[in-house]
A.B. asks: 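First the structure, which I've put down as structure tokens, then a few questions once you've had a look.
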Amino acid sequence: MTRPTRARVHLVDGRARFTDLGVGTYLRPRPMDVDGASARLALVGTYATLLAGDDLRIDLEVGPGVYLEVIEPSGTVAYHVQGGVAHWRADVTVGPGARLVWPASPFVITAGANLVRHTHVELAAGARALLRETLMFGRTYEATGGPLRSTTHVNHDGHALLVEDLDLRAAPDRELPGIMGPNRAMASVLLLGSRPDRVTGGHETRFAGPGAMARALAPHAHTAEESVAGSWDRWHEEFLAPESPASPRSSGSSEPSASSGSSASPAPSEPSEPSEPSEPSLIPDPAPALAAD
């Protein structure tokens, strides 16, 4: 039976703490560091995926007042399913006043893949999230990728903010003008919980509610990501930057983010003894991975 990857982080005595970590069949949640109310979490692959019959699930909860950054050391590849189908799903809950930054690595849909992908985000009042996803149809030597049905459903304070259904299952239809055309890559940045005062460039769209999207198409993944990088950097600095300078910085861009305060660099710390490992009480040991059924 497929096990979901589970991670929950909450404030305990004013400090972020991973209160629940569950190793999934395909991904292992690895806490990177905790600094006050801020934390970083890596999703590390533990099993070859996505193949026929695979059902990868991510269950993520960010408690009230927590700032969480999720990183993916490697991208995800949907392989040839030999006539079957694979599933990928993320269920995310962001509590009141919480912040989530998730710059996902590229998601490759190879020729012969058949993928159903769903993202569900629940934002409480005062919560914000900044998400990035890049869909790539086909590997370098492939002309295109297999069928994809990708849906996104976002609720904010109990009301629908974004409901999107990308039905890209038919390759000929993807190539039509107004859909993908000759492009194989689609990069998207979602700002959820806040609405910019204005849009910049032709890639950004503001929602009717508190949110916005930047989306670009290109023949290659890196080109599409470069087109929306400015939106990511600007929205992160304006709406999602951690309040504490010591909090972890988003890895959504290869360039350093501009500081929201003084431009002066912090003074170097005094020499000290080698740092000790993180407090065991902050991060419970996840259960050992089991062999896939």
A.B. asks: Could you tell me which residues satisfy salt bridge (charged side-chain N to carboxylate O under 4.0 Å, His left out) with Arg174, sequence neighbours excluded, listed by chain and number?
C.D. replies: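 Scan of Arg174 (salt bridge (charged side-chain N to carboxylate O under 4.0 Å, His left out), adjacent residues dropped) gives none.
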A.B. asks: Distance from Leu41 atom CG to Arg8 atom CZ, nearest 0.5 Å?
C.D. replies: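 Atom-to-atom, Leu41:CG and Arg8:CZ are 12.5 Å apart.
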A.B. asks: Heavy atoms, side chains only, cut-off 4.5 Å: are His222 and Pro106 in contact?
C.D. replies: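 In short, these two side chains do not touch, never coming nearer than 4.5 Å.
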A.B. asks: Ignoring hydrogens, what is the shortest heavy-atom contact between Ala98 and Gly63? Give both atom names and the distance.
C.D. replies: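 Here Ala98 and Gly63 meet closest at CB-O, 3.2 Å.
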A.B. asks: If you compare all heavy atoms of Trp102 against all heavy atoms of Leu43, which two are closest, and at what distance to 0.1 Å?
C.D. replies: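 Here Trp102 and Leu43 meet closest at CZ2-CD1, 3.8 Å.
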A.B. asks: Kindly compute the distance separating NE2 (His10) from CZ (Phe18), expressed to the nearest 0.5 Å.
C.D. replies: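 Reported value, rounded in 0.5 Å steps: 11.0 Å.
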A.B. asks: Hydrophobic clusters here meaning ILVMFWY residues chained together by side-chain heavy-atom distances under 4.5 Å, can you tell me if Leu21 and Tyr47 are in one?
C.D. replies: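 Same cluster: Leu21 reaches Tyr47 through Ile, Leu, Val, Met, Phe, Trp or Tyr contacts under 4.5 Å.
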A.B. asks: So Ser194 and Arg128, side chain to side chain donor-acceptor pair (under 3.5 Å) or not? Walk me through it.
C.D. replies: CA-CA 7 Å; Ser194 293; Arg128 295 177 182 175; 2.7 Å; yes
A.B. asks: To the nearest 0.5 Å, tell me how far Thr76 OG1 sits from Leu27 CG.
C.D. replies: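 Between Thr76 OG1 and Leu27 CG, I get 7.0 Å after rounding to 0.5 Å.
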A.B. asks: So, is the end of the Arg117 side chain (NZ or CZ) under 6.0 Å from the ring centre of Phe107 and within 45° of the ring's axis?
C.D. replies: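 Ring-cation test returns yes.
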A.B. asks: Applying the 4.5 Å side-chain criterion to the ILVMFWY set and letting contacts propagate, would Leu135 and Leu131 be lumped into a single cluster?
C.D. replies: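 Yes, Leu135 and Leu131 fall within the same hydrophobic cluster.
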A.B. asks: Does Val94 share a hydrophobic cluster with Leu60, counting links as ILVMFWY side-chain heavy atoms below 4.5 Å and allowing steps through other members?
C.D. replies: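 Per the 4.5 Å side-chain linkage, Val94 and Leu60 are co-clustered.
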A.B. asks: Under 3.5 Å, is there a donor-acceptor pair linking the side chains of Glu61 and Thr93?
C.D. replies: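 Side chains of Glu61 and Thr93: no pair found under 3.5 Å.
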A.B. asks: Between Asp13 and Arg15, is there a salt bridge with N-O shorter than 4.0 Å?
C.D. replies: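 Result for this pair is no, no salt bridge flagged.
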A.B. asks: Looking at Ala224 and Ala218, what are the two nearest heavy atoms and their distance?
C.D. replies: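 Heavy atoms only, the tightest pair is N-CB, 3.6 Å.
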A.B. asks: Let's go through Val34 and Arg17 carefully: what are the C-alpha distance in whole Å and the side-chain angles of both, what is the deciding distance for side chain to side chain contact (heavy atoms under 4.5 Å, CB included) to 0.1 Å, and is it a yes or a no?
C.D. replies: CA-CA 8 Å; Val34 172; Arg17 176 173 179 176; over 6 Å; no
A.B. asks: Apply side chain to side chain contact (heavy atoms under 4.5 Å, CB included) to residues Leu161 and Leu192 and explain how you reach the verdict.
C.D. replies: CA-CA 8 Å; Leu161 177 63; Leu192 308 172; 4.0 Å; yes
A.B. asks: Apply side chain to side chain contact (heavy atoms under 4.5 Å, CB included) to the pair Leu148 and Leu166, showing each step before the final yes or no.
C.D. replies: CA-CA 8 Å; Leu148 169 68; Leu166 293 175; over 6 Å; no
A.B. asks: In this structure, which one of Asp59, Leu100, Ile58 forms a side chain to side chain contact (heavy atoms under 4.5 Å, CB included) with Val92?
C.D. replies: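 The option that passes is Leu100.
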A.B. asks: If you take all heavy atoms of Pro147 and Ala113, which pair is closest and at what distance?
C.D. replies: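 Distance-wise, the nearest heavy atoms are CD-O, 2.8 Å.
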A.B. asks: Checking the side chain of Asp54 only, and the main-chain atoms of Leu51 only, is there a donor and an acceptor separated by less than 3.5 Å?
C.D. replies: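 Confirmed, Asp54 side chain pairs with Leu51 backbone.
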A.B. asks: Is the shortest side-chain N to carboxylate O distance from Asp55 to Arg57 below 4.0 Å?
C.D. replies: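 So Asp55 pairs with Arg57 through a salt bridge.
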A.B. asks: Is any side-chain heavy atom of Tyr79 less than 4.5 Å from a side-chain heavy atom of Val81?
C.D. replies: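 Not in contact.
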A.B. asks: Hey, does the side chain of Glu238 reach the backbone of Trp235 with a donor-acceptor pair shorter than 3.5 angstrom?
C.D. replies: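 No: the side chain of Glu238 does not pair with the backbone of Trp235.
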A.B. asks: Do the non-hydrogen side-chain atoms of Val44 and Pro73 ever get within less than 4.5 Å of each other?
C.D. replies: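 Side chain of Val44 against side chain of Pro73, heavy atoms only: contact under 4.5 Å found.
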A.B. asks: Please tell me whether Leu56 and Val116 are part of a single hydrophobic cluster in this structure, the criterion being side-chain heavy atoms less than 4.5 Å apart.
C.D. replies: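 The answer is no; the residues belong to distinct hydrophobic clusters.
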A.B. asks: Could you see if Val85 belongs to whatever hydrophobic cluster contains Trp88? Use Ile, Leu, Val, Met, Phe, Trp, Tyr and a side-chain cutoff under 4.5 Å.
C.D. replies: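 Not linked; separate clusters.
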A.B. asks: Using a 4.5 Å cut-off on heavy atoms from C-beta on, say whether the side chain of Glu133 contacts that of Ser188.
C.D. replies: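 Result yes, sub-4.5 Å side-chain heavy-atom pair found.
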A.B. asks: Got Glu204 and Arg234 here, is their nearest side-chain heavy-atom distance under 4.5 Å?
C.D. replies: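 Yes; the side chains approach each other to less than 4.5 Å.
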A.B. asks: Heavy atoms, side chains only, cut-off 4.5 Å: are Val121 and His156 in contact?
C.D. replies: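 Val121 does not reach His156 side chain to side chain.
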A.B. asks: Rounded to the nearest 0.5 Å, what's the gap from OG1 on Thr46 to OH on Tyr26? Could you check?
C.D. replies: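 Those atoms lie 9.5 Å apart.
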A.B. asks: Would you indicate whether the side-chain heavy atoms of Leu123 and Asp157 approach each other to under 4.5 Å?
C.D. replies: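 They are not in contact (no side-chain heavy atoms under 4.5 Å apart), so the answer is no.
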A.B. asks: Could you label the plane-to-plane angle of the His120 and His118 rings as parallel, tilted or perpendicular, counting under 30° as parallel and over 60° as perpendicular?
C.D. replies: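 Rings of His120 and His118: perpendicular, over 60°.
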A.B. asks: Is the closest basic N to carboxylate O distance between Asp33 and Arg40 below 4.0 Å?
C.D. replies: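 Judged by the 4.0 Å cut-off on N to carboxylate O distance, Asp33 and Arg40 do form a salt bridge.
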A.B. asks: Of the non-hydrogen atoms in Arg184 and Glu142, which two are nearest, and what is the gap between them?
C.D. replies: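 Smallest heavy-atom distance, with atoms named: NH1-O, 2.7 Å.
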A.B. asks: Answer yes when Glu164 and Arg215 have at least one side-chain N-carboxylate O distance shorter than 4.0 Å, and no when they do not.
C.D. replies: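 Result for this pair is yes, salt bridge flagged.
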A.B. asks: Would you find a donor on one side and an acceptor on the other, under 3.5 Å apart, between the side chain of Arg139 and the backbone of Ile109?
C.D. replies: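 Not confirmed, Arg139 side chain does not pair with Ile109 backbone.
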A.B. asks: Apply side chain to side chain contact (heavy atoms under 4.5 Å, CB included) to Phe207 and Leu191, showing your working.
C.D. replies: CA-CA 10 Å; Phe207 300 156; Leu191 172 64; over 6 Å; no
A.B. asks: Salt bridge check: are Glu72 and Arg132 linked by an N-O gap of less than 4.0 Å?
C.D. replies: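 Result for this pair is no, no salt bridge flagged.
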A.B. asks: Kindly give the heavy-atom pair with the smallest separation between Ala39 and Ala16, and that separation in Å.
C.D. replies: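 For Ala39 versus Ala16, the nearest heavy atoms are CB-CB, 4.2 Å.
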A.B. asks: Would you say the side chain of Leu190 lies within less than 4.5 Å of the side chain of Leu130, judging by non-hydrogen atoms?
C.D. replies: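 No, side chains not in contact.
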A.B. asks: Could you grab the distance from atom NE2 of His236 to atom CZ of Arg99, nearest 0.5 Å is fine?
C.D. replies: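 It is 11.0 Å, given to the nearest 0.5 Å.
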A.B. asks: Donor-acceptor pair, Asn183 side chain versus Met180 backbone, under 3.5 Å?
C.D. replies: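 Yes: the side chain of Asn183 pairs with the backbone of Met180.
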A.B. asks: Atom NE2 of His80 and atom OG1 of Thr110: how far apart are they, to the nearest 0.5 Å?
C.D. replies: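 Separation between the atoms: 7.5 Å.
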